[in-house]
Amino acid sequence: MLFMVTTFNYADRAILSIAGTAMKSELGFDAVTMGFIFSAFSWAYVLGQLPGGWLLDRYGSKRVYAASIFIWSLFTLLQGGVHFLGALWAVPALFMLRFMVGLAEAPSFPANGRIVAAWFPTTERGTASAIFNSAQYFATVLFAPLMAWITHAYGWSQTFVVMGAAGLVLSMIWMRAMHSPKDHPSMTSAELAHIRDGGGLVDMDQGLGGSKSAAKGGTASKVNRGVKLGYLKQLLSNRMLAGVYLGQYCINTITYFFLTWFPIYLVQERGMSILKAGIVASLPAICGFLGGVLGGMISDRLIKRGFSLTWARKIPIVAGLLLSTTMILCNYVDTQWMVVGIMALAFFGKGVGALGWAVVADTSPKEIIGLTGSLFNMFGNIAGITAPIVIGYIIKETGSFEWALVYVGANALLAVISYLVIVKDIKRVELKPLDDAGQPYKKLSGVES
């Protein structure tokens, strides 16, 4: 279910990259305007992270995620009507609709992290996280050719309508199929014990509104939810998490290049048709998908072979991101098949190295795992604001994508440095207790204590 929902999540983010060339022609956008429209999603996505994490910790993953899917799909569908507004109003309308999609999608990845932490032991978490995270590549494999065909045959607006309507149906499937570990009708006591004994946080959503256990009298988390924001200072001052946040920002810069500008790069810089670009864009995505699953499997295998958690996560991350820097070589080749091959190699490496959500599940304090995942996702997705705009300005000023590829490749290298230099150890963060006002307990004298 996480894989399927995340596939739609990324497909709806990427529609604009497929329909963008046709929209630019019809509505008269330039590269910078397109960059700002691309970034609209991420402005809201970043702003919605902490409220989304709070909602997840307050109401549980199932209901919040269902509402998220329904709302982002509705606003995706509405984007299909912006051409009726004319060129003058289409830009602000499209910006606001993309903004609302980003706001609605904000709880999705923190919810993925919470669900994986609840459902999987530590030794299986890398593979589980890699599978749902690899949906971002599968979204391109499955939907880029489909969306390109719809755009080519019926017009760009119909692409938004089809994807939005499919998402509305998906939200209903989610409500029927998704359960917490203790509430699943097929869960056996042996499987539940296997998950719990291996480090799975099976009690995470017990006592939150909407769960069966709550109806049976389950107990809510002992952490006062009113003071959870008081823990943010502790998270922000943690060196390990700072390195993880920086690394995720750099990794997401690569992601957003592929989600936004890559198909346009194939059309403008390499002379492909929209239909061909949609099909060709799926080839690097297939490699990214394979790399994503392989990275998680390698990491879990290293743990089982006795490697520390720190190096079991770092080895595939560093190796994969070094491979991603090879995209700069596209500036030195002319043939289309070599460009696609190099991009496929770079995307494969990015997939292997994209283990950030496994690291979040490994390191998040169990009391506020939703809030911690949201903070991680917030910093990472600032790249969704900066990358499309920076690349848009680079293209406008230089007239080509050459320095844009250098910019993206440099971010991959910076992520490697972050994990090697800033992130010393990967381990679960232990929070210092706070009082009901959200302040640390004061040290008392022997008589007072």
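- One distance of note links CD1 of Ile317 with CD1 of Ile298; it measures 12.0 Å at 0.5 Å rounding.
- Counting non-hydrogen atoms of neighbouring residues, nucleotides and ligands closer than 6.0 angstrom, the CZ atom of Arg196 exceeds 12 such neighbours.
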For Leu236 and Leu375, what are the C-alpha separation, side-chain angles and deciding distance, and is it a side chain to side chain contact (heavy atoms under 4.5 Å, CB included)?
CA-CA 9 Å; Leu236 290 171; Leu375 192 64; 3.9 Å; yes
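- Ring-centre distance between Tyr65 and Trp174: below the 6.0 Å cut-off.
- No side-chain donor-acceptor contact under 3.5 Å links Asn381 and Ser42.
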Phe8 vs Ile69, test: side chain to side chain contact (heavy atoms under 4.5 Å, CB included). Steps then yes/no.
CA-CA 9 Å; Phe8 272 84; Ile69 299 166; over 6 Å; no
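- Heavy atoms from other residues, nucleotides or ligands lying under 6.0 Å from CH2 of Trp119 number more than 12.
- Contact annotation: the side chain of Ile391 approaches that of Ile395 to within less than 4.5 Å [non-hydrogen atoms, C-beta and beyond].
- Between the CD1 atom in Ile251 and the CG atom in Leu246 there is a gap of 9.5 Å [rounded to 0.5 Å].
- Within the 4.5 Å cutoff, the side chain of Thr255 has heavy atoms near those of the Tyr10 side chain.
- Expressed to the nearest 0.5 Å, how far OH of Tyr249 lies from CZ of Phe379 amounts to 12.5 Å.
- By the 4.5 Å heavy-atom criterion applied to side chains, Met1 and Ile115 are not counted as neighbours.
- In this structure a side-chain-to-backbone donor-acceptor pair under 3.5 Å is missing from Asp425 to Lys427.
- Counting only heavy atoms from C-beta outward, the side chains of Val352 and Leu323 never approach each other to under 4.5 Å.
- Using cut-offs of 30° and 60° on the angle between ring planes, the pair Phe376 and Tyr245 is tilted.
- Side chain of Lys62 to main chain of Met175: a donor-acceptor pair is present (N/O by atom type, distance under 3.5 Å, no hydrogens or angles).
- Shown here for Ala312 and Ser299, the closest heavy-atom pair between the two residues is O-OG, 2.8 Å.
- With hydrogens and angles left out, the side-chain atoms of His184 and Glu191 include no donor and acceptor closer than 3.5 Å.
- Listed by chain and number, the residues in a side-chain hydrogen bond (donor to acceptor under 3.5 Å, both in side chains) with Arg98 amount to none (sequence neighbours excluded).
- No side-chain donor-acceptor contact under 3.5 Å links Asn238 to the backbone of Gln234.
- By the 30° and 60° cut-offs, the orientation of the rings of Phe347 relative to Phe258 is parallel.
- By the side-chain hydrogen bond (donor to acceptor under 3.5 Å, both in side chains) test, Tyr419 pairs with no residue at all, sequence neighbours left out.
- Every residue two or more places apart in sequence or in another chain was checked for a ring pair (Phe, Tyr, Trp, His ring centres under 6.0 Å) with Tyr256, and none qualifies.
- Looking only at distances, a side-chain donor or acceptor of Arg239 sits under 3.5 Å from a matching main-chain atom of Ile422.
- With hydrogens and angles disregarded, no donor-acceptor distance shorter than 3.5 Å links the side chain of Glu105 to the backbone of Trp72.
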Would you check, one step at a time, whether the test side chain to side chain contact (heavy atoms under 4.5 Å, CB included) holds for Met96 with Leu78?
CA-CA 11 Å; Met96 286 307 302; Leu78 292 175; over 6 Å; no
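- One distance of note links CG of Leu55 with OG of Ser61; it measures 11.5 Å at 0.5 Å rounding.
- Using a distance-only test at 3.5 Å, with no hydrogens or angles considered, a donor-acceptor pair links the side chain of Asn252 to the main chain of Gly380.
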Take Gln79 and Val101 through the side chain to side chain contact (heavy atoms under 4.5 Å, CB included) test and state the conclusion after the steps.
CA-CA 10 Å; Gln79 288 172 71; Val101 171; 3.5 Å; yes
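- Separating the CG atom in Leu56 from the CZ atom in Arg63 is a distance of 11.5 Å, to the nearest 0.5 Å.
- What you find for Pro107 and Val64 is that their closest heavy atoms are CB-CG1, 3.9 Å.
- Ala135 and Thr7 make their closest contact through CB-OG1, 3.4 Å (heavy atoms, listed as atom of the first residue, atom of the second, distance).
- Note on Asp300 versus Arg305: no salt bridge recorded, every NZ/NE/NH1/NH2 to OD/OE distance being 4.0 Å or above.
- Of all heavy-atom pairs between Thr310 and Ile426, the closest is OG1-N, 2.8 Å.
- Residues Tyr45 and Leu103 fail the side-chain proximity criterion, which asks for heavy atoms closer than 4.5 Å.
- Judged purely by atom type and a 3.5 angstrom limit, Ser308 uses its side chain to pair as donor or acceptor with the backbone of Trp311.
- Not one N or O on the side chain of Ser418 forms a donor-acceptor pair closer than 3.5 Å with the backbone of Leu414.
- Counting heavy atoms of neighbouring residues, nucleotides and ligands inside a 6.0 Å radius, atom CE of Met240 exceeds 12 of them.
- Other residues, nucleotides and ligands place more than 12 heavy atoms under 6.0 Å from the CZ atom of Phe95.
- Heavy-atom minimum distance, Ile131 versus Phe3: O-CD1, 3.2 Å.
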Go through the steps to decide whether Phe109 and Phe132 satisfy the test ring pair (Phe, Tyr, Trp, His ring centres under 6.0 Å), and finish with yes or no.
CA-CA 9 Å; Phe109 264 73; Phe132 82 69; 5.8 Å; yes
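- Separation of atoms OG1 (Thr372) and CZ (Arg428) is listed at 9.5 Å; rounding is to 0.5 Å.
- A side-chain donor-acceptor contact under 3.5 Å links Ser324 to the backbone of Lys350.
- Side-chain N/O atoms of Lys304 and Thr123 include no donor and acceptor closer than 3.5 Å.
- At distances below 3.5 Å, not a single donor-acceptor pair connects side-chain atoms of Thr127 with backbone N or O atoms of Glu124.
- When all heavy atoms of Pro316 and Leu302 are compared, the closest pair comes out as CD-CD1, 4.3 Å.
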